[in-house]
Amino acid sequence: MDIAYIPSPSTGVIHLGPIPLRGYAFCIIIGVFVAVWLGNKRWIARGGKPGTVADIAVWAVPFGLVGGRLYHVITDYQLYFGEGRNWVDAFKIWEGGLGIWGAIALGAVGAWIGCRLRGIPLPAWADALAPGIALAQACGRWGNWFNQELYGRATDLPWAVEISAGPNRDAGTYHPTFLYESLWCVGVALLVIWADRRFKLGHGRAFALYVAAYCVGRGWIEYMRVDEAHHILGVRLNVWTSIVVFVLAVVYFVLSAKLRPGREEIVEPDRPGDEGGKDGKAAVDAKDTGKAAVEAKDNGEAAVAKTEDKPAVEAAEAAPKGSAPALAQGAVKADLRKPATDAEATDADKS
């Protein structure tokens, strides 16, 4: 009886003339775009400027790719430097083999350089990008499906993945551990987004939550995998790595919450020449212009008042001396002369 299963692609590459289009590479590229897109939206929501996430990603992504490949080659060196192996294959990244631990570690170095150049704190940028990185991993894991790699033990479950016969693999249906990890990463992204909105995580705690949550899933998924790996005390190396990184992430989360509670108020200060700086100058100029307009209005009202009082003064001068209008005329003249007298006093003081 036939059983249900997830079919695997017959090939992981399609040739467009002489140009090979590899499914693994497409999955990585899509993941990068998703991470930058979501990270940019979160960065702007935190008060940052559009485009900053992409500018720093220009540093982080290449460093991350190199770091991921280095981690894979170092921990699986027998695949490239063992007997009958070709060390040149270590550079064939399109054939698969990126270690997330190395990608995050060396990618953080690239991000640090980019943040230093922009004058912004690395933890704030990492918090904005954290759920996007998880979604990028979810996309990238489908590259393993194209390459028919990173599957688990044999199973006849309806969602088993079909694997064809090939180098170092037997035909059959297996646990799709790449699918499990992809779905887990989507859950991690949603968890970080919810927790960040609910608790206003800052100073790198959103990123620490992402790391800790990912390690929990990677630990139990790693146990299901049957691909070749190094073991320490009977446990796969990546399981030990997950445990260590999980502990470090939790320690950072707790200490950061005690030492620097809350979230950064300013994540990207204005720099000379930035649009924000221009807007600020424009606001100051507008304020000065408004103040000048108010002063002009007051002077205009004073001039109008003096003009309106002129007929009254002329009528008082025509009245008999000592009469009430004449007395009023003297008071009006004194009042009209007062500003000039004050000005003369001021000039005298200056001299």
Side-chain angles (χ1 to χ4, degrees), residues 34-36 38-49 52-57 59-61 63-64 67-68 71 99-138 184-220 238-271:
V34 170
V36 172
L38 181 58
N40 184 65
K41 291 177 65 68
R42 287 171 51 80
W43 183 252
I44 294 174
R46 285 171 173 253
K49 297 179 176 60
T52 297
V53 169
D55 291 343
I56 298 175
W59 288 89
V61 172
F63 273 74
Y71 181 89
I100 184 61
W101 314 113
I104 293 296
L106 204 56
V109 175
W112 177 79
I113 295 174
C115 288
R116 289 277 295 178
L117 294 175
R118 297 283 298 194
I120 64 176
L122 174 61
W125 184 84
D127 282 341
L129 206 66
I133 295 176
L135 291 179
Q137 288 178 254
W184 182 269
C185 287
V186 172
V188 170
L190 296 176
L191 170 65
V192 173
I193 292 174
W194 170 82
D196 194 27
R197 290 179 178 177
R198 175 67 176 79
F199 302 105
K200 302 296 182 184
L201 302 178
H203 302 286
R205 288 189 289 278
F207 185 81
L209 176 61
Y210 145 71
V211 172
Y214 171 75
C215 289
V216 172
R218 180 61 183 268
W220 68 265
N238 280 328
V239 175
W240 284 112
T241 306
S242 297
I243 294 173
V244 172
V245 175
F246 171 81
V247 172
L248 292 176
V250 172
V251 170
Y252 178 89
F253 189 97
V254 174
L255 293 180
S256 175
K258 290 182 178 180
L259 298 176
R260 307 185 71 181
R263 178 186 287 178
E264 300 91 341
E265 294 184 1
I266 300 177
V267 295
E268 187 173 4
D270 290 332
R271 299 185 303 169

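These numbers come from a predicted model, not from an experiment.
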Would Leu129 and Val53 count as a side chain to side chain contact (heavy atoms under 4.5 Å, CB included) here? Give the steps. CA-CA 8 Å; Leu129 206 66; Val53 169; 3.7 Å; yes
Atom of Ala35, atom of Gly132 and distance for their closest heavy-atom approach: CB-O, 3.4 Å
Give me the atom names and distance for the closest heavy-atom approach of Arg218 to Ser242. CG-OG, 3.5 Å
Which pairs, with at least one residue in residues 187-200 and sequence neighbours excluded, count as a side-chain hydrogen bond (donor to acceptor under 3.5 Å, both in side chains)? Arg42-Asp196, Arg46-Asp196, Asp196-Arg263
How about Tyr214 and Ile100: do any of their side-chain heavy atoms sit closer than 4.5 Å? yes
What pair of heavy atoms forms the shortest contact from Ala130 to Ala206, and how long is it? CB-O, 3.9 Å
Which residues satisfy the side chain to side chain contact (heavy atoms under 4.5 Å, CB included) test with Val244, sequence neighbours excluded? Leu248
With side chain to side chain contact (heavy atoms under 4.5 Å, CB included) as the criterion, how do Phe63 and Ile113 come out once you've worked through the C-alpha distance, each side chain's angles and the decisive distance to 0.1 Å? CA-CA 10 Å; Phe63 273 74; Ile113 295 174; 4.0 Å; yes
Heavy atoms of Ala124 and Glu264 approach each other most closely as CB-OE2, 3.7 Å
Pairing residues for Trp101 by the side-chain hydrogen bond (donor to acceptor under 3.5 Å, both in side chains) criterion, not counting sequence neighbours: Asn238
Search all heavy atoms of Gly48 against all heavy atoms of Val267 and return the closest pair with its distance. N-CG2, 3.6 Å
Does Leu190, at its CG atom, have more than 12 non-hydrogen atoms belonging to other residues, nucleotides or ligands within less than 6.0 Å? yes
Hey, what do you get for NE2 (His203) to CG (Asp127), rounding to the nearest 0.5 Å? 9.0 Å
With Ala126, which residues qualify under side chain to side chain contact (heavy atoms under 4.5 Å, CB included), at least two apart? Phe207
What's the separation between atom CD1 in Ile56 and atom CD1 in Ile120, rounded to the nearest 0.5 Å? 3.5 Å
Pairing residues for Ala108 by the side chain to side chain contact (heavy atoms under 4.5 Å, CB included) criterion, not counting sequence neighbours: none
Work out which heavy atom in Tyr71 is nearest to a heavy atom in Gly99; give both atom names and the distance. CD2-CA, 3.7 Å
Please test Ile133 against Gln137 for side chain to side chain contact (heavy atoms under 4.5 Å, CB included), starting from the C-alpha separation and ending with a verdict. CA-CA 6 Å; Ile133 295 176; Gln137 288 178 254; 3.9 Å; yes
Can you run down the salt bridge (Lys or Arg N to Asp or Glu O under 4.0 Å) pairs that involve residues 104-121, sequence neighbours left out, and say none if there aren't any? Asp55-Arg118, Arg118-Glu268
To the closest 0.5 Å, what do you measure between OH (Tyr210) and CD1 (Ile104)? 3.5 Å
